[in-house]
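Contents: one structure, followed by commentary.
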Amino acid sequence: MERNGVPLIDMQKVEGLGEELVKACEEWGCFRMINHGLRAELMAEMKVVAASLLDLPDEIKRKTLRGIDDISSHDEFCDRLSASVHQREIIYKYIKAIHGLAGLLGRKLMEGVGLAGDLFEGWDCQLRMNKFLFRPENIGLTGLLMHADPTFLTIIQDDENVNGLQVVDKYSGEIIAIDPVPGTLVVNVGDIAKAWSNGIFYNVKHRVCSLEPKTRYSIVLSVLAPKGKVEVPSELLDSKHPRRYVPFDLKEYMDVRYSTESHTGGAVDLFRTTMK
Ligand SMILES: O=C(O)CCC(=O)C(=O)O
Ligand SMILES: [Fe+2]
């Protein structure tokens, strides 16, 4: 894979999609998806809904701090925000479509590592919406500090008109701008995926910078972790590839991440079995 920008991956590709995804997770920890199955109209409608919900008063928004955990909590989320019938319908369609896409990613990643199955079946997921109000006096400042996601992966509908997402290159450490490409979705690989892949996947560091005086929205599906322990599939282990991370669950991981204030990927390495 040439290092000339994060990979653009066609999710409808029939041959070799799994391998391509695995390679992107290893080499970049970040990629853009085209032909991902979310209709352009649905993405546009969801952005309008997100913008109007994010304009609600803080005391109402605070009621939904965790976002939408799964499709079944959609009603509760909408009730708390007193969402209209139309808004509920869009949110429902969106979470159904984005969960479907996450399922495809999980199956293809399994294929890519030579296994079969629905990797994300029954996992905890969370949908969140972000608003970055970039004012002229804030240009050049960071809207979201450098971090690696505490997730397996995160699917982002970034703002098609306002840039700001930047990732750290795995090899050079250089900061690369992830400029918008309308109609596509970005994936960032997180800490949980690094442990699950025995340290092979790159938990990409990234941030959001204020580059132009506009309001930027992003809609984010976090595919968090399995309900039980995060551990590398036993089929991928042998004498040449010993287990490099102690199995842990999401709560144990989050406790370590917050108590050590390691928000840029270091927390997962505290679960290493060896320091090599
Ligand atoms: O807004 C974005 O593009 C990225 C947001 C992000 O990194 C996050 O929510 O973890
Ligand atoms: Fe992030």
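One-based numbering, in listed order, for ligands and for the atoms of each.
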Seminar exercise, completed: Rounding to 0.5 Å, atoms CD1 (I91) and CZ (F77) come to a distance of 5.5 Å
Exercise. Judged by atom type as modelled, is there a donor-acceptor pair below 3.5 Å linking the side chain of D249 to the main-chain atoms of G228?
Worked result: no
For this session: Return yes if a side-chain donor-acceptor contact under 3.5 Å exists between R32 and T184, otherwise no.
Result: yes
Exercise. When you measure from the side chain of H147 to the backbone N and O of L145, does any donor-acceptor pair fall under 3.5 Å?
Worked result: yes
Exercise. Okay, side chain of D118, backbone of F120: is any donor-acceptor separation there less than 3.5 Å?
Worked result: no
Exercise. Side-chain donor-acceptor pair under 3.5 Å between N188 and T154, yes or no?
Worked result: no
For this session: Keeping waters out of it, list the protein N, O or S atoms under 2.8 Å from the Fe ion (ligand 2).
Result: H147 NE2, D149 OD1, H206 NE2
For this session: Establish, yes or no, whether the cationic atom of R272 lies under 6.0 Å from the six-membered ring centre of Y245 and within 45° of the ring axis.
Result: yes
For this session: Answer yes if the side chains of S218 and Q157 hold a donor-acceptor pair under 3.5 Å, and no otherwise.
Result: no
List of N/O pairs, ligand 1 versus protein, all under 3.5 Å?
{"unit_1": "ligand 1", "atom_1": "1 (O)", "unit_2": "R216", "atom_2": "NH1", "d": "2.9"}
{"unit_1": "ligand 1", "atom_1": "1 (O)", "unit_2": "S218", "atom_2": "OG", "d": "2.7"}
{"unit_1": "ligand 1", "atom_1": "3 (O)", "unit_2": "R216", "atom_2": "NH1", "d": "3.4"}
{"unit_1": "ligand 1", "atom_1": "3 (O)", "unit_2": "R216", "atom_2": "NH2", "d": "2.7"}
{"unit_1": "ligand 1", "atom_1": "7 (O)", "unit_2": "H147", "atom_2": "NE2", "d": "3.3"}
{"unit_1": "ligand 1", "atom_1": "7 (O)", "unit_2": "H206", "atom_2": "NE2", "d": "3.0"}
{"unit_1": "ligand 1", "atom_1": "9 (O)", "unit_2": "R128", "atom_2": "NH2", "d": "3.4"}
{"unit_1": "ligand 1", "atom_1": "10 (O)", "unit_2": "H147", "atom_2": "NE2", "d": "3.2"}
{"unit_1": "ligand 1", "atom_1": "10 (O)", "unit_2": "D149", "atom_2": "OD1", "d": "3.1"}

Problem set entry | Heavy atoms of other groups near R39 CZ, more than 12 under 6.0 Å | yes
